[in-house]
Peer 1: 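Can you read through this structure? Questions will come right after.
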Amino acid sequence: MKFGPNGHLPPVRIGVIGLGAWGKNLLREFSRGVHSTVPIACDALEEARAKARAQYPGLQVTSDAAQVLDADVDAIVVATPPASHFDLASAAIERGKDVFVEKPLVLDLGQGALLVDQAQRSKRILMVGHIMEYHPAVEWLKNYIGNGGLGKVYYLYATRVNLGKVRDIENAMWSFAPHDISMISYLLGEFPHRVAAVGQSYLRPGIEDVVFLTMWYNEKLMAHVHTSWLDPHKARSLTIVGQKQMAVFSDTDPAQRITIFDKGVDVTTDYNTYAEYLTLRTGEVHIPKVDNAEPLAIECQHFIDRVRDRQSPRSDGVDGLRVLRVLAAAQQSLQSGGTPVDVSFPDEEKTS
Ligand SMILES: NC(=O)c1ccc[n+]([C@@H]2O[C@H](COP(=O)([O-])OP(=O)(O)OC[C@H]3O[C@@H](n4cnc5c(N)ncnc54)[C@H](O)[C@@H]3O)[C@@H](O)[C@H]2O)c1
């Protein structure tokens, strides 16, 4: 980006591709951002275009993604179904644009690696919509864990289920688990080295509606993720069991997003009987005050800031690629009926 005549950076001009259930939210955020403007957007469906036209009278709305890619904009937001992410994001980078791609980055590991390489060589910002990495409650938990509040983390489990949109290419794990894999790995500061997944398809052959994913980290630490769009509950939660305390993050409960339980089992070194060796501790329950800022607004501002300062986003292409490696290994496990599969990361992805 170039400085304007008064020395200020002008707003980042953004083109949005895909105005469906999620893309319309991105259009809203980037349109109302102080440091961004959306002059052009597109969707293949007339219904989505008509809604955008009615809501944003100054917006150029088209059915042709090529018009957005070729427009005079600094960055492209890709909010189409994941099967089209690679072609659209790659075409955007080719035209010199920075790119925000919704999760999952792409559906194929090879394509993910190509995209990351292309962005790095072209010095373009590539950010993936791992929105949970921008959630104030996740930030709160990360600090709490980092300060030793929970003690050593033993294990975690996440639930992301509803009765909702059934996708026709990616299964429930590819659709939902990028949120949990990125959130848990961000919280822990590491990615799993082994995964296993089992699931089942009921509504469409070959596309699992429910998937149970297990991830193993170092030193006995493990995490479990339950994803489904065929479930009576609407739940987005994470439970973290630590040596000192336990935490529950419930994203669907704004009044009580985080609950800290001062519960645990203390191991006594000075004991006479085996019963005294382990002491149950059930202390107070604490509901901390957590910033109520909208994760989507924080995420979009982060992208704008990175486009302006040219630093790597928190959820950059490499982060997207790491999540993809976990998903690809989990898919392999799923297809083998749940056999654990190792996840390997090349050296350059281990350090950044
Ligand atoms: N961050 C989140 O919390 C979150 C939530 C939901 C969905 N998503 C992600 O957002 C993306 C979109 O999901 P959705 O739920 O909005 O899907 P959707 O099906 O509701 O919308 C996708 C839209 O893209 C349009 N489209 C498809 N190909 C196009 C093309 N080549 N050119 C122009 N328009 C095209 C379709 O017409 C449709 O309106 C997916 O990657 C999904 O995983 C993220």
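One-based numbering, in listed order, for ligands and for the atoms of each. Basis for what follows: all heavy atoms, side chains included, without hydrogens, waters or symmetry-related copies.
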Peer 1: Looking at ligand 1, is there an atom of it that comes within less than 4.0 Å of some heavy atom belonging to Lys51?
Peer 2: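 Contact absent.
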Peer 1: Do any nitrogen or oxygen atoms of Glu170 come within less than 3.5 Å of a nitrogen or oxygen of ligand 1?
Peer 2: no
Peer 1: Could you check atom 31 (N) of ligand 1 against the protein and tell me its nearest heavy-atom contact, residue, atom and distance included?
Peer 2: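 Atom 31 (N) of ligand 1 sits closest to the protein heavy atom Leu88 CD1, 4.3 Å.
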Peer 1: What pairs meet the ring pair (Phe, Tyr, Trp, His ring centres under 6.0 Å) rule with one or both residues in residues 128-148, with sequence neighbours excluded?
Peer 2: Tyr134-His302, His135-Phe249, Trp140-Tyr144
Peer 1: Decide, yes or no, whether a salt bridge links Arg257 with Asp251 under the criterion of side-chain N to carboxylate O below 4.0 Å.
Peer 2: yes
Peer 1: Looking at ligand 1, does His179 have a heavy atom less than 4.0 Å from it?
Peer 2: yes
Peer 1: If only side-chain N and O atoms count, and only distance matters, is there a donor-acceptor pair under 3.5 Å linking Glu139 with Asn143?
Peer 2: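 No donor-acceptor contact under 3.5 Å links the two side chains.
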Peer 1: Quick one: look up the protein heavy atom nearest atom 14 (P) of ligand 1 and list residue, atom name and how far away it is.
Peer 2: Arg167 NH1, 3.7 Å
Peer 1: Would you say the side-chain atoms of Arg49 pair up with the backbone N or O of Ala44, donor to acceptor, closer than 3.5 Å?
Peer 2: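 Side chain of Arg49 to backbone of Ala44: a pair is present.
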Peer 1: With clusters built from Ile, Leu, Val, Met, Phe, Trp and Tyr whose side-chain heavy atoms come within less than 4.5 Å, directly or transitively, what are the remaining members of the cluster of Val166, listed by chain and number?
Peer 2: Leu163, Phe176, Val198, Tyr202, Leu203, Ile207, Val210, Phe212, Trp229, Leu230
Peer 1: Please work out, at 4.0 Å between heavy atoms, whether the side chain, the backbone, both, or neither of His85 comes within that distance of ligand 1.
Peer 2: side chain
Peer 1: Does Trp22 reach ligand 1 with a nitrogen or oxygen that is under 3.5 Å from one of the ligand's nitrogen or oxygen atoms?
Peer 2: yes
Peer 1: Indicate if Tyr186 and Val248 have the same hydrophobic cluster label, given that clusters are the connected sets of ILVMFWY residues with side-chain heavy-atom separations under 4.5 angstrom.
Peer 2: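 No, Tyr186 and Val248 fall in different hydrophobic clusters.
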Peer 1: Compare Arg236, His130, Glu102 and give the one whose heavy atom is closest to atom 10 (O) of ligand 1.
Peer 2: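 Among Arg236, His130, Glu102, the closest heavy atom to atom 10 (O) of ligand 1 comes from Glu102.
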Peer 1: Could you say whether the N/O atoms of Ala44 and ligand 1 ever approach to under 3.5 Å?
Peer 2: yes
Peer 1: Among all protein non-hydrogen atoms, which one is nearest to atom 23 (C) of ligand 1, and what is the separation to 0.1 Å?
Peer 2: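 Of every protein heavy atom, Asp43 OD2, 3.5 Å lies nearest to atom 23 (C) of ligand 1.
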Peer 1: Please write down residue, atom name and distance for the protein heavy atom closest to atom 21 (O) of ligand 1.
Peer 2: Gly20 CA, 3.3 Å
Peer 1: In the protein, what heavy atom is nearest to atom 41 (O) of ligand 1, and what distance, to one decimal place, separates them?
Peer 2: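 Heavy-atom neighbour on the protein nearest atom 41 (O) of ligand 1: Lys103 O, 2.9 Å.
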Peer 1: Against heavy atoms of Gly18, which atoms of ligand 1 measure under 4.0 Å?
Peer 2: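 Those atoms are 24 (O).
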Peer 1: Which is it for Leu156 and Leu221 under the side chain to side chain contact (heavy atoms under 4.5 Å, CB included) test, yes or no, and what are the steps along the way?
Peer 2: CA-CA 8 Å; Leu156 314 85; Leu221 175 56; 3.9 Å; yes
Peer 1: What is the nearest protein non-hydrogen atom to atom 26 (N) of ligand 1, stated with its residue, atom name and distance?
Peer 2: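 The answer is Thr80 CG2, 3.8 Å.
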Peer 1: Considering only heavy atoms, does Ala21 approach ligand 1 within less than 4.0 Å through its side chain, its backbone, both, or neither?
Peer 2: both
Peer 1: Are any side-chain N or O atoms of Arg194 and backbone N or O atoms of Pro340, one a donor and one an acceptor, separated by less than 3.5 Å?
Peer 2: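 No; zero donor-acceptor contacts below 3.5 Å.
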Peer 1: Side chains of Arg325 and Pro346, heavy atoms from C-beta outward: is any pair under 4.5 Å?
Peer 2: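 Yes. Closest side-chain heavy atoms under 4.5 Å.
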Peer 1: Can you tell whether the side chains of Lys103 and Glu299 come within less than 4.0 Å, N to carboxylate O?
Peer 2: no
Peer 1: Would you say ligand 1 has an N or O under 3.5 Å from any N or O of Lys165?
Peer 2: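 The answer is yes, given that Lys165 and ligand 1 share an N or O pair closer than 3.5 Å.
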Peer 1: Check whether Ser31 reaches the backbone of Val38 with its side chain - one donor and one acceptor, N or O, closer than 3.5 Å.
Peer 2: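 Answer holds: no.
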Peer 1: Inspect the contact between Glu133 and Lys142 and indicate whether a charged nitrogen and a carboxylate oxygen are less than 4.0 angstrom apart.
Peer 2: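 Glu133 and Lys142: not salt-bridged.
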Peer 1: With atoms numbered from 1 as shown, which atoms in ligand 1 lie under 4.0 angstrom from a non-hydrogen atom of Cys42?
Peer 2: 33 (C)
Peer 1: Starting from atom 12 (C) of ligand 1, locate the nearest protein heavy atom and write down its residue, its atom name and how far away it is, to 0.1 Å.
Peer 2: Ala79 O, 3.3 Å
Peer 1: I'd like to know whether ligand 1 has Pro81 as a neighbour, heavy-atom separation below 4.0 Å.
Peer 2: yes
